[in-house]
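Residue numbers count from 1 along this sequence.
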Amino acid sequence: MSNKALKRTILGTVFLVLSILYTILFSPHATIRLLDSYDMLFHLNRVNSLGNILVSPVNFNYWDHVGNFTNLFYPWFTITPGFLIFKVFSDPVISFLIFLTIITFLTFVSSYYFMAKFSNNTLQAFLFSILYTLSFFRVASVFYRVGLAEYISYIFIPMIFYAFAKILSGEFNKWPLFAAGLTLTVLTHPLTAFITVVMLVPLVVLVLFSKVSHSFKYWGKLIWAGIQSVFLVVIASLGFILPMVEQKRSLAVNRPALLDLAQMAQKPMDLFNNALHTDVRSYSIGIISLLTILVIVIFIWKDQFKYRVVAIEGLIALVLSTSIFPWQIVQNTFFNLMQFPWRFLNMVTFFFAIYLSHILAKLMKDRSSLTKLSVLVLTTIACGSQVYLSATRVNSQPSPFAIVDSKNADQKIQSFHQEDYYPLQSLPYSNEIKSHKFIINDKKTKIPFKTTDNTYLVKYYNKESVDMDIPVLFYKGLNVSINNEAVKTKISKRGTVEIKTQQGQNNIQIKYHYTKIAIASMLVSVVGFIILIWLLINNGHWSFRKLIKDS
């Protein structure tokens with residue numbers, strides 16, 4: 001085995017061990033104890049309900065059996081490996097913990113790989129991977145919010161900014177890598193993608209102060225790289241974007257909570273005080289990132305241009321996460337989709353981790369290997385201690401707790417009820433719908449029903465034909481049959497499925513399918529991914545000439 005292969009094996013083993021330890025801290029006694037069970041059960045439903053996702057956007061066995069369209073409004077592409085893990089191990093709790101371990105491991109690997117390429121410094125890459133993956137805000141995302149999509153998206157952040165930094169430095173052929181990272185983020189957590197794009201804007205402004213940008217040719221190539229990137233991101237993401245837009249245009253749906261951004265933004269002093277503690281419910285940056293501000297103040301004045309930019313980006317993200325920024329002026333814009341300005345804190349920890357790892361590596365440049373190893377071990381211990389103290393504090397809270405364990409997980413998952421993206425007219429009748437009450441000729445009643453992944457089945461007998469309002473949400477793409485014959489449907493005043501039954505026995509079957517627009521957009525996305533892979537292989541060139549020349 002070569003020295004390079006040996007080093008990679010050792011690094012992989014270290015990252016895997018740290019990932020396993022991280023997961024063990026998260027779940028003592030194989031029980032997930034949460035202060036907020038909603039997010040946990042929400043994501044467990046998302047993962048478990050993917051069994052028929054290629055056939056239908058609805059899985060009637062989940063989301064409390066009401067035909068909830070959540071899987072169409074939330075991207076599912078990058079959580080699909082979680083479904084495969086859940087099927088292999090059966091136990092939802094153990095499966096989730098294994099998935100968490102893999103996500104953490106991939107975050108370590110992505111952080112190390114792209115920082116090594118950015119800095120050409122092994123020590124800095126290792127330090128960055130530890131500081132970023134074990135950052136206090138990521139701990140909050142995992143231990144408290146259980147923001148599955150968000151902490152999957154953290155895997156792609158190093159890829160995006162590495163590729164964008166290379167593009168800004170004049171390596172314009174890196175645009176497919178940038179497009180790939182941004183596409184994966186869009187298909188994981190669109191809000192993180194939006195925040196990432198916001199943080200790209202200052203980089204374009206700051207590059208004006210670099211000599212490399214002082215030509216019209218540079219800006220022409222930069223704009224062309226940007227146009228190609230946007231085109232590929234849109235094409236590859238169309239399978240998620242277009243079906244969602246189609247449904248929203250067909251009926252008004254209940255969007256996630258609209259919050260006051262100014263109220264949700266943290267006050268600077270509160271952010272500072274919270275950083276000194278280990279309570280992840282505070283959504284702060286932690287003491288390590290807090291100390292990085294001091295490091296920036298000391299070293300930024302005589303640092304390299306690219307690391308000055310990194311420091312400035314971190315400080316900009318810090319301002320955006322607090323009430324210093326006048327959030328009230330963008331309250332009535334698409335920014336309100338973000339809900340919480342403190343989401344920018346992940347960007348803070350990302351850029352601060354880059355800068356702190358850079359300074360530590362710089363200080364260790366002429367030191368012995370033993371000294372470098374000591375700094376690496378101490379950094380790991382410091383970050384690990386932050387994780388341990390945070391996890392201990394969460395798991396020691398007396399109440400209120402929602403206990404999700406191997407015994408009750410399936411029942412809690414399948415009966416979980418949430419109203420994001422409900423038809424708006426369904427909201428006043430939410431209690432009736434989740435109680436599975438039918439309405440027969442304006443009279444509420446209970447009728448037995450059965451579900452499979454793809455179907456909602458009702459057997460009903462009446463000598464006369466009746467108007468039946470079924471507690472299944474009405475969206476575009478609905479098929480209803482009685483005794484294997486398709487019947488007309490309409491949306492009831494509850495925003496549910498209403499039909500006219502037949503005289504006698506009625507074997508009612510409800511299904512959902514993807515519309516023609518949804519199917520076409522998914523096929524376009526597949527083509528987009530193929531093109532993107534080709535461009536990555538062909539170093540950003542559309543033609544075959546470059547590949548033939550290189551070979």
For Asn173, which residues count as a side chain to side chain donor-acceptor pair (under 3.5 Å) partner, sequence neighbours excluded?
Asn539
With Thr188 via side chain to side chain donor-acceptor pair (under 3.5 Å) - residues at least two apart
Thr78
Check: Phe42 ring centroid to Tyr74 ring centroid under 6.0 Å:
yes
Trp534 backbone acceptor or donor facing Asn538 side chain under 3.5 Å
no
Measuring from Tyr151:OH to His189:NE2, what's the distance to the nearest 0.5 Å?
12.0 Å
Decide if the gap between the ring center of Phe164 and the ring center of Trp175 is smaller than 6.0 angstrom.
no
Can you spot which of Leu536, Ile235, Leu232 makes a side-chain contact (heavy atoms from CB on, under 4.5 Å) with Ile531?
Leu232
Considering non-hydrogen atoms only, spot the tightest contact between Pro202 and Ile316 and give its length.
CB-CD1, 3.8 Å
Atom pair CG/OG1 of Leu21 and Thr380 - distance to nearest 0.5 Å
11.5 Å
Quick one: are Val377 and Ser374 in side-chain contact, heavy atoms under 4.5 Å?
no
For His417, give me all partners under ring pair (Phe, Tyr, Trp, His ring centres under 6.0 Å), at least two apart in sequence or on another chain.
Tyr422
Using the benzene-type ring in the case of Trp, are the ring centres of Phe118 and Phe161 under 6.0 Å apart?
no
Please enumerate all residues that pass ring pair (Phe, Tyr, Trp, His ring centres under 6.0 Å) together with Phe194, with sequence neighbours excluded.
Phe334, Phe335
Taking all heavy atoms of Leu187 and all of Ser237, pick out the closest pair and write down the distance.
CD2-CA, 4.1 Å
Main-chain N/O of Ala179 paired with Ser229 side-chain donor or acceptor, under 3.5 Å:
no
Ile413 vs Leu41 side-chain heavy atoms within contact, under 4.5 Å:
yes
Would you check, one step at a time, whether the test side chain to side chain contact (heavy atoms under 4.5 Å, CB included) holds for Leu148 with Arg46?
CA-CA 10 Å; Leu148 177 65; Arg46 288 188 65 206; 5.6 Å; no
State the NE2-OG distance between His277 and Ser284, to the nearest 0.5 angstrom.
10.0 Å
Enclosure of Arg255 CZ (heavy-atom neighbours >12, cutoff 6.0 Å):
yes
Note, Ile288 side chain near Cys383 side chain (heavy atom, < 4.5 Å)
yes
Minimal heavy-atom distance between Met347 and Ala317, with the atoms involved, is CB-CB, 3.8 Å
From the list Tyr307, Phe128, Tyr162, side-chain contact (heavy atoms from CB on, under 4.5 Å) with Ser119 holds only for Tyr307
Report the residue from Asn59, Asp453, Asn61 that forms a side chain to side chain donor-acceptor pair (under 3.5 Å) with Asn52.
Asn59
Give, for atom OG1 of Thr322 and atom CG of Leu345, the distance between the pair rounded to the nearest 0.5 Å.
9.0 Å
Counting C-beta onward and ignoring hydrogens, is there a side-chain heavy-atom pair between Met199 and Leu320 closer than 4.5 Å?
yes
Minimum heavy-atom distance between Pro158 and Tyr132, given as atom pair plus value:
CG-CE2, 4.0 Å
Report the residue from Leu168, Val207, Leu206 that forms a side-chain contact (heavy atoms from CB on, under 4.5 Å) with Val309.
Leu206
Please verify the inter-ring angle class for Phe231 with Trp542; under 30° counts as parallel, over 60° as perpendicular, anything in between as tilted.
tilted
Which is it for Ile293 and Phe352 under the side chain to side chain contact (heavy atoms under 4.5 Å, CB included) test, yes or no, and what are the steps along the way?
CA-CA 8 Å; Ile293 298 175; Phe352 280 10; 3.5 Å; yes
Test item: Arg343 side-chain N/O and Met338 main-chain N/O as donor-acceptor pair under 3.5 Å
yes
Assess, by modelled atom type and distance only, whether the side chains of Ser49 and Asn71 contain a donor and an acceptor separated by less than 3.5 Å.
yes
I'd like to check Val197 versus Leu182 (side-chain heavy atoms, cut-off strictly below 4.5 Å). Are they in contact?
yes
Sidechain-backbone polar pair: Thr133 side chain, Ser129 backbone, donor-acceptor under 3.5 Å
yes
Taking the side chain as every heavy atom from C-beta outward, state whether Thr104 and Val142 have any atom pair closer than 4.5 Å.
no
Correct closest heavy-atom pair for Pro57 and Phe69 would be CG-CZ, 3.5 Å
I want to check something: taking the side chain as every heavy atom from C-beta on, are Phe172 and Leu222 in contact at a cut-off of under 4.5 Å?
yes
Check the orientation of Tyr154 and Phe137. Use parallel for under 30°, tilted for 30 to 60°, and perpendicular for over 60°.
tilted
For a side chain to side chain contact (heavy atoms under 4.5 Å, CB included) check, start with the C-alpha distance between Phe108 and Ile130, then their side-chain angles and the critical distance, and finish with the verdict.
CA-CA 7 Å; Phe108 272 123; Ile130 298 297; 3.8 Å; yes
To the closest 0.5 Å, what do you measure between CG (Leu18) and OG1 (Thr107)?
12.5 Å
Any pair counted as side-chain hydrogen bond (donor to acceptor under 3.5 Å, both in side chains), so long as it reaches residues 346-364, sequence neighbours left out
Asp303-Tyr355, Asp303-His358
Evaluate side chain to side chain donor-acceptor pair (under 3.5 Å) for Thr192 paired with Thr185, printing each intermediate quantity in order.
CA-CA 7 Å; Thr192 298; Thr185 307; over 6 Å; no
Can you list everything that forms a salt bridge (charged side-chain N to carboxylate O under 4.0 Å, His left out) with Arg138? Sequence neighbours excluded, please.
none
Interatomic spacing from CD1 in Ile85 to OG in Ser90 - rounded to 0.5 Å
13.0 Å
Chi angles and distances behind the side chain to side chain contact (heavy atoms under 4.5 Å, CB included) call for Val139, Gln386
CA-CA 9 Å; Val139 171; Gln386 183 173 248; 5.7 Å; no
How are the rings of Phe73 and Tyr421 set relative to one another: parallel (under 30°), tilted (30 to 60°) or perpendicular (over 60°)?
parallel
Kindly check if the number of other-residue, nucleotide or ligand heavy atoms within 6.0 Å of OH (Tyr113) is above 12?
no
For Asp420, does its backbone N or O pair with a side-chain atom of Gln418 as donor and acceptor, under 3.5 Å?
yes
Do the two ring centres, one from Phe105 and one from Phe15, sit under 6.0 Å apart?
no
Please find the pair of heavy atoms, one from Met115 and one from Ala125, that lie closest to each other, and give the distance.
CG-CA, 3.5 Å
Any non-hydrogen side-chain atom of Pro75 less than 4.5 Å from a side-chain atom of Val186?
no
Measuring centre to centre across the rings, with the benzene-like ring taken for any Trp, is Phe350 within less than 6.0 Å of Phe344?
no
